[in-house]
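Quick caveat: nothing in here was measured; it's all calculated off a predicted structure. The residues of the chain are indexed from 1 along the displayed sequence.
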Amino acid sequence: ELTESVRVSVCVLACLLRLSSLCSLRRIQGHMVSEGLSCTKVGNAGVITLNRPKVLNALNLPMIRHIYPQLKKWEKDDETDLVIIKGAGGKAFCAGGDIRAVTEAGKVGDPLAQDFFREEYILNHAIGTCKKPYIALIDGITMGGGVGLSVHGRFRVATEKTLFAMPETAIGLFPDVGGGYFLPRLEGKLGLFLALTGFRLKGRDVQRAGVASHFVEAQKLTSDLQGNHTVLWPFLPFRLFSSSSVEGILQNLKADGSPFAKKQAETLSKMSPISLKITYKQLQAGASLSLQDVLVMEYRLSQACMRGCDFYEGVRALLIDKDQSPKWNPSSLEEISDQSVEECFSSLGQKDLRF
């Protein structure tokens, strides 16, 4: 197993070097282009390029519907040894899903609000179970839907330009795309901290946290080298997130009184209270579930958010009007009953996610 891992790692690095001059390669074949996406063969590597740089390669439903069958095709192809996914434009791998489109659909009952989450999660599962080495080059902004396209793969390659976050509680959502699977499996309470606060990891810290499997300097991928970032996350007191409730975490932060604790308490006070409650329970449950079961759970949560109001309000305040002043409903943790949280996790019966 170690020999196989070393062999694939060498193959990963070789492919990274080849990709730095992708446009000049003559060995590109089987080129397939759709809106915002291209799929090519570079030697024995299948290469997916997210190509919506003006919107930081935000993931939409047409892209999902092209990536999934292509991934399945390459998985069965004897002449494809590995799959690589990367972002175009130099700023982002993928900054998330096309939240605006989902928001508009949810408001009017458009099926997109169900289809997007269902098909995105099915793609996440396909990545997590892909039989071929799957390599995500998370160079630049990697959030939300971009995390789902990368973190479940066998290899996640960060650079000094990588900026990783799961900021969903700020828009009345929860860290989905399998966040309930990988976050509670990070060291200590780091995953819960990232899930509740939306804290941003940068550069080498993405690998140190266990989100990325490899680190490669960006100059080996592109000619544009940016400065490194240092967050020193291993020294932050994540023990403060050891509690049986979100309220308990806030009490720990307030009692500690350190600059770090004050900053995180302030951050949590801005997040959707129901999102915080859902996220806490999601990570608790997800720690002992398979990726498939986590995605079934998260699809139920996505539809609960579509039925609620905080998601629409969060998107309005942060992405549309940009007044940064969402009016959450309920407005406090104390107003949220355990029963109302539990209902978000309830089965959808025939509408549950199926693989």
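Judged by distance alone, the side chains of N51 and S38 never bring a donor and an acceptor atom under 3.5 Å apart. Using modelled atom types and a 3.5 Å distance limit, the side chains of T80 and K41 yield a donor-acceptor pair. A donor-acceptor contact under 3.5 angstrom links the side chains of E335 and S332, judged on distance only. With hydrogens and angles left out, the side-chain atoms of N252 and S243 include no donor and acceptor closer than 3.5 Å. For N60 and D98, the side-chain atoms include no donor-acceptor pair closer than 3.5 Å.
With rounding to the nearest 0.5 Å, the separation of OH in Y181 from CG in L291 is 6.0 Å. Expressed to the nearest 0.5 Å, how far CD1 of I122 lies from CG of N124 amounts to 10.0 Å. Taking CZ of F193 as the start and CG of L183 as the end, the distance is 12.0 Å to the nearest 0.5 Å. Atom CG of L37 and atom CZ of R52 lie 10.5 Å apart (nearest 0.5 Å). To the nearest 0.5 Å, atom CD1 of residue I99 and atom CG of residue L318 are 11.5 Å apart. The structure places CG of L348 at 11.0 Å from CD of Q350, a figure rounded to the nearest 0.5 Å.
Taking the six-membered ring wherever Trp is involved, the centroid distance between the rings of Y134 and F155 does not fall below 6.0 Å. Remark: aromatic rings of F117 and Y299 are distant, center separation not under 6.0 Å. Aromatic rings of F260 and F241 (six-membered ring for Trp) have centroids beyond the 6.0 Å cut-off, not under it.
Taking the side chain as every heavy atom from C-beta outward, F93 and L149 approach each other to under 4.5 Å. Between F164 and L194, some side-chain heavy-atom pair lies under the 4.5 Å cut-off. Counting only heavy atoms from C-beta outward, the side chains of L163 and T142 never approach each other to under 4.5 Å.
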Inset, instruction - Apply the test salt bridge (charged side-chain N to carboxylate O under 4.0 Å, His left out) to residues D256 and R239: give CA-CA distance (whole Å), side-chain angles for both, the deciding distance (0.1 Å), then the verdict. - result: CA-CA 11 Å; D256 182 87; R239 68 182 186 282; 3.7 Å; yes
Inset, instruction - Would you sort out whether E160 and R204 count as a salt bridge (charged side-chain N to carboxylate O under 4.0 Å, His left out), showing the intermediate values? - result: CA-CA 6 Å; E160 72 277 12; R204 286 188 181 273; over 6 Å; no
Inset, instruction - Determine, step by step, whether E266 and K270 satisfy the salt bridge (charged side-chain N to carboxylate O under 4.0 Å, His left out) criterion, reporting the C-alpha distance in whole Å, the side-chain angles of both residues, the deciding distance to 0.1 Å, and the verdict. - result: CA-CA 7 Å; E266 179 184 353; K270 298 176 182 178; 3.7 Å; yes
Inset, instruction - Could you walk me through whether D139 and K86 pass salt bridge (charged side-chain N to carboxylate O under 4.0 Å, His left out), step by step? - result: CA-CA 8 Å; D139 181 36; K86 66 190 190 78; over 6 Å; no
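Using cut-offs of 30° and 60° on the angle between ring planes, the pair H152 and F182 is perpendicular.
Ion pairing of E119 with R65 is present here, as a side-chain N (NZ or NE/NH1/NH2) and a carboxylate O approach within less than 4.0 Å.
Other residues, nucleotides and ligands contribute only 12 or fewer heavy atoms inside 6.0 Å of the CD atom of Q339. For K132, the NZ atom counts as densely surrounded, since its 6.0 Å shell holds more than 12 non-hydrogen atoms of other residues, nucleotides or ligands.
Between the side chain of R185 and the backbone N or O of G286, at least one donor-acceptor pair lies under 3.5 Å. Proximity of a side-chain donor or acceptor of T279 to a complementary backbone N or O of S275 within less than 3.5 Å is detected. In this structure, D293 contributes its side chain and L289 its backbone to no donor-acceptor pair below 3.5 Å. Judged by distance alone, the side chain of S272 and the main-chain N or O of G172 form no donor-acceptor pair under 3.5 Å. Remark: the backbone N or O of F174 is not paired with any side-chain donor or acceptor of Q282 at under 3.5 angstrom. Although no hydrogens or angles enter the test, the distance criterion places a donor-acceptor pair under 3.5 Å between the side chain of R100 and the main chain of L319. Here the side chain of Q207 pairs no donor or acceptor atom with the backbone of R156 at under 3.5 angstrom. At distances below 3.5 Å, not a single donor-acceptor pair connects side-chain atoms of N57 with backbone N or O atoms of A95. Distance alone, capped at 3.5 Å, is enough to place a donor-acceptor pair between the K161 side chain and the G90 backbone. The backbone N or O of D323 lies less than 3.5 Å from a partner atom in the side chain of S325, making a donor-acceptor pair.
Across L283 and A195, no two heavy atoms sit closer than the pair CD2-CB, 3.8 Å. The two residues A88 and T49 have their closest heavy-atom pair at CB-CG2, 4.0 Å. Closest non-hydrogen pair, G144 versus V177, comes out as O-CG2, 3.4 Å. Scanning all heavy atoms of the two residues, the minimum distance from C344 to L301 falls at O-CD2, 3.5 Å. The minimum heavy-atom distance linking S213 with R154 is given by the pair OG-O, 4.1 Å.
I127 and F116 fall within the same hydrophobic cluster, where Ile, Leu, Val, Met, Phe, Trp and Tyr residues are linked whenever their side-chain heavy atoms come under 4.5 Å apart, directly or through other members. Cluster membership check: V147 shares its hydrophobic cluster with M271, using side-chain heavy-atom separations under 4.5 Å among Ile, Leu, Val, Met, Phe, Trp and Tyr. Connection of L240 to F238 is established within a shared hydrophobic cluster, with ILVMFWY side chains joined at heavy-atom distances below 4.5 Å, either directly or through further cluster members. Both L59 and M306 are part of a single hydrophobic cluster, where members link through side-chain heavy atoms under 4.5 Å apart. Neither V315 nor V108 shares a network with the other; the hydrophobic side chains, linked directly or stepwise wherever heavy atoms of I, L, V, M, F, W or Y lie under 4.5 Å apart, form separate groups for each.
Because its NZ or CZ atom is not both nearer than 6.0 Å to the ring centre of Y312 and within 45° of the ring axis, K107 does not count as a cation-pi partner of that residue.
Among I67, L61, D176, the one residue that satisfies the side chain to side chain contact (heavy atoms under 4.5 Å, CB included) test with E120 is D176.
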